[in-house]
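Structure first, then comments.
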2 protein chains.
Amino acid sequence: MTITQLKYVLAVAEHQNFTKAAEKTFVTQPTLSMQIQKLEDELDILIFDRSKKPIELTEVGKKIVEQARNIVNESERMQDVVDQEKGFIGGTFKLGIIPTIMPTLLPMFLKNFSNRYPKVQLKIEELNTDEIITKISDGYLDAAIAATPLKHDKIKERVLYYEPFVGYIPENHRLTSKEKLEVGDLDIDDILLLEDGHCFRDGIINLCKASKHGGIDKFQLESGSFETLVKLSNEGLGMTLLPYLHTLDINPSLTKNLRYFKNPSPAREVSLIYSKSELKLQTINALYDIIAGVIRGAIAFQDVKVISPTKK
Amino acid sequence: MTITQLKYVLAVAEHQNFTKAAEKTFVTQPTLSMQIQKLEDELDILIFDRSKKPIELTEVGKKIVEQARNIVNESERMQDVVDQEKGFIGGTFKLGIIPTIMPTLLPMFLKNFSNRYPKVQLKIEELNTDEIITKISDGYLDAAIAATPLKHDKIKERVLYYEPFVGYIPENHRLTSKEKLEVGDLDIDDILLLEDGHCFRDGIINLCKASKHGGIDKFQLESGSFETLVKLSNEGLGMTLLPYLHTLDINPSLTKNLRYFKNPSPAREVSLIYSKSELKLQTINALYDIIAGVIRGAIAFQDVKVISPTKK
DNA sequence: TCCAGCTATAGCTTATATCGATAGAAACAT
DNA sequence: ATGTTTCTATCGATATAAGCTATAGCTGGA
């Protein structure tokens with residue numbers, strides 16, 4: 001069994017076609033066929049069911065592919081280990097970002113970063129916090145940007161910034177006349193929330209739990225984007241809370257509806273997180289510096305109170 | 001980079017000597033030298049510092065070796081995947097057992113198992129619960145026997161038996177005259193405990209916490225073996241608690257000092273645990289059946305109350 | 001029935017893993 | 001110092017295996 005054979009298997013599994021897989025792996029189709037046959041002989045099983053069109057994995061084959069992916073992934077991390085030592089900043093770098101941070105933060109640093117470090121090929125994925133934790137732990141992601149603290153054994157956190165919560169109060173709301181919000185003003189039943197799975201939603205629930213100890217009975221409406229929440233709010237369905245950076249993008253005609261909190265303002269802590277194995281640390285440091293640099297100009301709040309992003 | 005090269009690196013790292021490593025890997029020394037040089041060239045680093053005698057790993061080398069071990073481990077699990085599918089029961093099988101279970105349980109099933117499944121080469125290690133969890137997660141152990149429930153994401157538990165706690169009450173103790181113990185009789189300050197790190201100790205602490213809510217002030221004495229605890233107890237230093245199976249080995253002249261609990265007796269749950277990846281499941285099932293079989297004759301208790309084996 | 005699209009096989013070439021023999025370097029013993 | 005032992009690197013030869021081109025063989029539409 002060689003790593004090359006495993007890569008061939010992965011390619012065929014992906015393209016369900018020997019000929020295409022051969023092109024992708026830069027060898028001829030007979031080479032691929034032979035190597036895969038050799039592996040099948042060695043393990044004494046069939047990986048592919050060649051009678052099906054297009055070709056299919058056998059039951060064992062599926063498990064073989066899974067394990068092959070583990071091995072190939074680990075083997076590709078060997079180069080990272082070396083780069084690490086040499087201080088080389090380059091190669092592919094997989095970054096996860098949670099949905100409520102992605103649209104506002106990404107445009108702020110992306111160009112900046114890729115100009116400064118052209119040898120790094122950034123691959124960015126929008127993932128929720130749970131997915132991020134899994135994928136950092138198993139080495140799929142090199143780093144991620146998420147709300148913290150997560151207090152996870154295997155994950156390091158470096159705080160990028162504190163992003164205050166800002167109230168969006170529609171006209172004719174009971175809080176419209178207030179100039180500054182207080183946590184005590186909030187009523188969870190009156191706040192439009194993102195749909196389940198977003199940690200920003202959990203943060204708000206935690207915030208309200210902390211302010212009054214009553215249970216949470218119902219969420220009137222739920223949506224996946226702040227834009228929708230603001231529109232629903234304008235329809236008189238309740239107020240909502242936005243992360244500060246989102247308020248910068250809001251339609252200027254609506255900024256009059258924004259209400260900040262009195263100090264200390266509730267805020268979420270946003271961090272760059274990565275595995276304690278610290279592979280690609282140089283790239284992580286570079287990314288941290290770039291993001292911290294651009295954010296310094298955008299967020300000036302000092303006196304904040306961090307709200308936990310996780311349930312319970 | 002080939003898996004073979006990585007195995008050579010691991011061998012040299014282990015033996016700190018090319019010649020010995022060559023013997024262990026069944027190739028000649030020049031072969032080893034060349035392959036390792038090739039890998040070093042490819043990665044463009046030095047793995048070994050050959051100026052030192054005996055040979056040493058460079059700083060990068062240490063990390064390379066770590067990653068190489070990951071890759072080689074994963075690659076060896078490929079065979080397990082195949083065996084899994086074929087229902088083959090054999091190969092090496094690494095089993096961890098916590099210290100308070102090892103001496104009583106192991107002799108009960110070991111011969112039995114290896115007679116029944118001669119193709120399995122059992123490698124057994126005595127490890128505490130924390131070590132077991134780590135080593136199951138990273139694939140070092142194939143399974144383990146420990147006190148449960150552990151409620152760990154990546155670990156499956158199959159209960160083998162419930163083992164009641166039994167009091168050992170020395171003569172002239174305030175509880176000597178009691179025929180049956182009750183949890184309320186226990187006073188944590190009066191109980192001789194194993195040293196820190198044993199989950200049986202944590203279980204007893206949980207038991208006493210549950211019975212009366214007072215804090216735990218001091219542990220008068222601590223030891224690593226039940227034999228010592230019994231001797232100390234006989235010296236008048238207090239009572240102690242033993243897991244049921246241990247009481248079967250006790251000196252017959254001392255069995256008069258044993259006191260069982262009233263039903264439901266506090267007990268620990270002992271399980272066979274293994275990774276959710278379920279590699280070598282056939283072997284695990286075989287092991288489960290053998291152990292459950294021998295234990296059925298030894299433990300007849302029905303009405304027990306499980307005590308958590310973990311701190312807090 | 002023919003053709004298009006695949007995969008497998010054959011025969012050959014090239015690359016390389018391995019070997020035995022030996023050189024070279026370092027540590028050790030006398 | 002000097003010979004001896006111990007260890008790693010280098011050399012040249014060889015067997016193994018990976019790769020290529022050409023083509024056979026299979027299968028499912030037109």
Side-chain angles (χ1 to χ4, degrees), chain A residues 1-62 64-65 68 71-72 75-76 78, chain B residues 1-58 60-62 64-65 68 71-72 75-76 78-79:
Chain A
M1 183 174 71
T2 67
I3 294 172
T4 313
Q5 286 171 347
L6 299 177
K7 286 181 179 168
Y8 293 164
V9 169
L10 292 182
V12 175
E14 186 183 347
H15 297 98
Q16 299 193 317
N17 178 313
F18 277 66
T19 314
K20 278 185 194 162
E23 285 170 24
K24 296 288 176 183
T25 48
F26 306 105
V27 289
T28 57
Q29 168 268 317
T31 301
L32 211 73
S33 282
M34 283 204 56
Q35 287 307 312
I36 288 179
Q37 276 183 53
K38 273 189 57 177
L39 182 60
E40 287 179 327
D41 286 351
E42 183 186 333
L43 298 176
D44 194 28
I45 41 95
L46 278 180
I47 299 174
F48 297 101
D49 180 348
R50 295 155 170 85
S51 69
K52 303 278 177 58
K53 309 276 162 171
I55 226 162
E56 271 181 28
L57 283 166
T58 60
E59 281 307 307
V60 220
K62 289 175 191 167
I64 298 275
V65 164
I71 298 170
V72 171
S75 76
E76 283 175 351
M78 185 63 90
Chain B
M1 183 174 71
T2 67
I3 295 173
T4 313
Q5 285 171 347
L6 298 177
K7 286 182 180 170
Y8 293 164
V9 168
L10 291 182
V12 174
E14 184 184 348
H15 297 97
Q16 300 193 316
N17 178 312
F18 277 66
T19 314
K20 278 184 194 164
E23 286 171 23
K24 296 288 176 182
T25 48
F26 306 106
V27 289
T28 56
Q29 168 268 317
T31 300
L32 213 74
S33 282
M34 282 201 58
Q35 288 306 313
I36 287 178
Q37 276 183 53
K38 272 190 57 177
L39 182 60
E40 287 179 325
D41 287 351
E42 182 186 334
L43 298 176
D44 193 29
I45 40 93
L46 278 181
I47 299 173
F48 297 101
D49 180 349
R50 296 156 169 85
S51 69
K52 304 277 178 57
K53 307 280 162 169
I55 227 162
E56 272 180 28
L57 283 165
T58 60
V60 220
K62 289 176 191 167
I64 298 276
V65 164
I71 299 171
V72 171
S75 76
E76 284 175 350
M78 185 62 91
Q79 187 59 52

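Worth saying up front: this structure is predicted, and the values here are computed from it rather than measured. Reminder, nothing fancy here: chain letters follow the sequence lines and each chain counts from 1.
- With sequence neighbours left out, B:A68 forms a side-chain contact (heavy atoms from CB on, under 4.5 Å) with A:M78, B:L6, B:L10.
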Measure all distances between protein nitrogen or oxygen atoms and nitrogen or oxygen atoms of nucleotides 16-23 of chain D, and list the pairs falling under 3.5 Å.
from   : atom 1 : to    : atom 2 : distance (Å)
D:dA18 : OP1    : A:K38 : NZ     : 2.9
D:dA18 : OP2    : A:Q35 : NE2    : 3.0
D:dA18 : OP2    : A:K38 : NZ     : 2.5
D:dA18 : O5'    : A:Q35 : NE2    : 3.3
D:dG19 : OP1    : A:Y8  : OH     : 3.1
D:dG19 : OP2    : A:Y8  : OH     : 3.3
D:dC20 : OP2    : A:T28 : N      : 2.8
D:dC20 : OP2    : A:T28 : OG1    : 2.8
D:dC20 : OP2    : A:T31 : OG1    : 2.8

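- When the P atom of C:dA10 is taken as reference, atom CD of A:Q37 falls 10 Å away, rounded to whole Å.
- Residues satisfying the side chain to side chain donor-acceptor pair (under 3.5 Å) criterion with B:S33, sequence neighbours excluded, are B:Q29.
- Between B:S75 and A:I71 the shortest heavy-atom distance is CA-CD1, 3.4 Å.
- The distance from atom NZ of B:K7 to atom P of C:dT18 is 11 Å, rounded to the nearest whole Å.
- Every residue two or more places apart in sequence or in another chain that forms a side-chain contact (heavy atoms from CB on, under 4.5 Å) with B:T25 is listed here: B:Y8, B:A11, B:V27, B:L32.
- For the pair B:I55 CD1 and D:dT6 P, the interatomic distance rounds to 17 Å; values are reported in whole Å.
- A search for side chain to side chain donor-acceptor pair (under 3.5 Å) contacts involving A:T19 returns nothing, not counting sequence neighbours.
- For the side-chain contact (heavy atoms from CB on, under 4.5 Å) test, residues two or more places apart in sequence or in another chain that qualify with A:K7 are A:I3, A:V72, A:E76.
- Remark: A:N17, A:F18, A:T19 in residues 9-21 of chain A come within less than 4.0 Å of DNA chain C through at least one heavy atom.
- When rounded to the nearest whole Å, the span between CZ of B:F48 and C1' of D:dA9 equals 15 Å.
- Taking B:K20 as the reference, nothing meets the side chain to side chain donor-acceptor pair (under 3.5 Å) condition, with sequence neighbours excluded.
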What's touching nucleotides 25-30 of chain D from the protein side, N or O pairs under 3.5 Å?
none

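- For the pair B:R50 and D:dC7, the criterion of a side-chain N or O lying under 4.0 Å from OP1 or OP2 is not met.
- Remark: A:Q16 engages A:P54, A:I55 in a side-chain contact (heavy atoms from CB on, under 4.5 Å) (not counting sequence neighbours).
- The side chain to side chain donor-acceptor pair (under 3.5 Å) search around B:T58 returns none, not counting sequence neighbours.
- At distances below 3.5 Å, not a single donor-acceptor pair connects side-chain atoms of A:Q35 with backbone N or O atoms of A:T2.
- Among residues two or more places apart in sequence or in another chain, the salt bridge (charged side-chain N to carboxylate O under 4.0 Å, His left out) test is passed with A:E23 by none.
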